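Contents: one structure, followed by commentary.
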Amino acid sequence: MTIDATGSLDPRREIADLGRRLFGGFVEHLGRHIYDGIHEPTHPSADADGFRTDVIDLVRELGVSTIRYPGGNFVSGYRWEDGIGPRDQRPRRLDLAWHATETNQVGLHEFQDWLDKVGSELMLAVNLGTRDTAEALDLLEYVNTSVDTARTRERAANGRARPFGVRMWCLGNEMDGPWQLGHRDADDYGKLASRTAKGMRQLDPSIELVACGSSGRTMPTFGAWERTVLEHTFDDVDFISCHAYYQETDGDAQEFLASGVDMARFIESVVATADHVAAVRKIDKRIMVSFDEWNVWYMDRWAEQSVSYRPDEWPVAPRQLEDRYNVLDAVVVGDLLITLLQHADRVRSASLAQLVNVIAPIMTEPGGPAWRQTTFFPFALTSRLAAERVVEVPIAAGTFPSERFGDVATVNAVATIDDDGASLFVVNRSTTESASLRLDLSALAAALGHEPALAETHLIHDEDRYAANTLDDPERVGAAPIDDAGVAASVLSFTLPVVSWAAVRLT
Ligand code: AHR
């Protein structure tokens, strides 16, 4: 069956300017992310620094802006000093978060070198799990100071005379989670985050700071955590974080396709809580959201895998969290990107978690190829096509019932505009009905001064929604042009098949 989906793209419905940090990524020392992922000195494509150039090319194509590093759960036990200085003198350490051995062959300097090659900005997390304010200040001084000190001399001796100049800093990671090393309650964390933030600002007032929000909307402390943490840190931070992972459970694809609604409610609840704290304090400051971990993650599979670890087994770069993504996952990821854009007025930073091999859009085989997972395509297309300003695009197309969210819009869309045209991103969340989309472009035509024309169309859809790209068949799934797309009399029309995501550029 086909349903009608109608709406209009009107540039006057502006939500916000587009901050490129919305297209951030996340690299953690975890599994084969760093070692045998981005760094594999013996690989045929490796450069002089041991980085795989095939991976660098794919990361550039993906279009990630800011990359959060080095964790994740890993950071809560990490000593950043272990990763600097001569490599042959760096200690091997146990990584308690992921039950692995960390060789420290890649640390701050190597990671910044890699970022310079991929053209992304560094976002650093400090360890507030097993460490305190002093170590965070040591790291900030090492990274951002240009004054002649013992720390900056050490940095120069290690190859960087000039500061790294890192703007965004996370005050720990998921401190609300009982699994987190150094987990504490909101009051304790809020006090620690506040005094650490104050010290860091004394050292470098130009930095932007992110306090830990909840590691999920279903956490028992959700809401109260944000309120208490912000009561302590409101004057000291710029962002509060959100983390969310989604997966298809018990083969219920329709429910999984409602994940964007969960993300929207998550963001709106955190914004309401932050604004409540502002109201009580009678100040106009607005705390922004850093959605610095989001993705599809089949966490159940990981839980099954991790119980089989032996206590004496601490492997180097094991295969961990290597989810294989299908078309359905890609459509959900596309919808999550639409949701982030729809909240671009308050979500000013976001990080797809993660980047290579670990719940990642890019996969590699040691000594072998690198390839794009299905989730690569919606991210790369949105990042490349998204223009300067975000506008809402309400679509009338009916709803489907969701157990968790009530009636959910079947078709969800957003657009971005600039002086040259507009980019539309739209998803059909239905597993049973295709949608015939008709979008009125007359307001866009008036703003541009001419009839918009189709420049590019891309569709993610497959008769088999579980189709995936694999080592043996790395190009099974991709984005295809939309056969029936057209613009006539200022109306854009095309068909969105069941479980599909589309991007259209109009100029
Ligand atoms: O991204 C994987 C893990 O998920 C991160 O280490 C942690 O922050 C979150 O629980």
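Read the numbers this way: they start at 1 and go in the same order the structure lists the ligands and their atoms. The shown structure was predicted, so the numbers you read here are calculated from the model rather than taken from an experiment.
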Strictly distance-based, threshold 3.5 Å: is any side-chain N or O of Asp47 a donor or acceptor partner for the main-chain N or O of Asp49? yes

Subset of ligand 1 atoms that lie under 4.0 Å from at least one heavy atom of Ile359: 1 (O)

Is any NZ, NE, NH1 or NH2 atom of the basic residue among Glu121 and Arg21 found under 4.0 Å from an Asp or Glu carboxylate oxygen of the other? yes

Mind checking whether Trp98 contacts ligand 1 via backbone (N, CA, C, O), side chain (CB onward), both or neither, at a 4.0 Å heavy-atom cut-off? side chain

If the threshold is 4.0 Å, N to carboxylate O, is there a salt bridge linking Arg346 and Asp275? yes

What orientation do Phe111 and Tyr69 show, parallel under 30°, tilted 30 to 60°, or perpendicular over 60°? parallel

Identify, for atom 7 (C) of ligand 1, the protein heavy atom at the shortest distance, and state residue, atom and that distance. Asn73 OD1, 3.2 Å

If the cut-off is 4.0 Å to any non-hydrogen atom of Tyr245, which atoms of ligand 1 fall inside it? 1 (O), 2 (C), 4 (O)

Using a 4.0 Å heavy-atom cut-off, which part of Phe74 comes near ligand 1: side chain, backbone, both, or neither? neither

Out of His232, Lys285, Glu231, Glu226, which residue meets the side-chain contact (heavy atoms from CB on, under 4.5 Å) rule with Val277? Glu231

Hey, is ligand 1 close enough to His243 that some N/O pair sits below 3.5 Å? no

Does even one non-hydrogen atom of Val358 get within less than 4.0 Å of ligand 1? no

Taking 4.0 angstrom as the limit and counting only heavy atoms of Glu28, give me the atoms of ligand 1 inside it, by number and element. 5 (C), 6 (O)

Among protein heavy atoms, which sits nearest to atom 10 (O) of ligand 1, and what does the distance come to when rounded to 0.1 Å? Glu174 OE1, 2.7 Å

Find all atoms of ligand 1 within a distance of less than 4.0 Å from any non-hydrogen atom belonging to Phe26, and give their numbers and elements. 1 (O)

With only distance considered, is Glu293 within less than 3.5 Å of ligand 1 through an N or O on each side? yes

Taking Glu365 first and then Arg319, would you say they form a salt bridge - that is, a charged N and a carboxylate O separated by under 4.0 Å? yes

Which residue owns the protein heavy atom closest to atom 2 (C) of ligand 1, what's the atom, and how far is it? Gln354 NE2, 3.5 Å

Using 30° and 60° as the class limits, which term best fits the ring planes of Phe74 and His29: parallel, tilted or perpendicular? parallel

Taking 4.0 angstrom as the limit, do Asp36 and Arg52 come out as a salt bridge? no

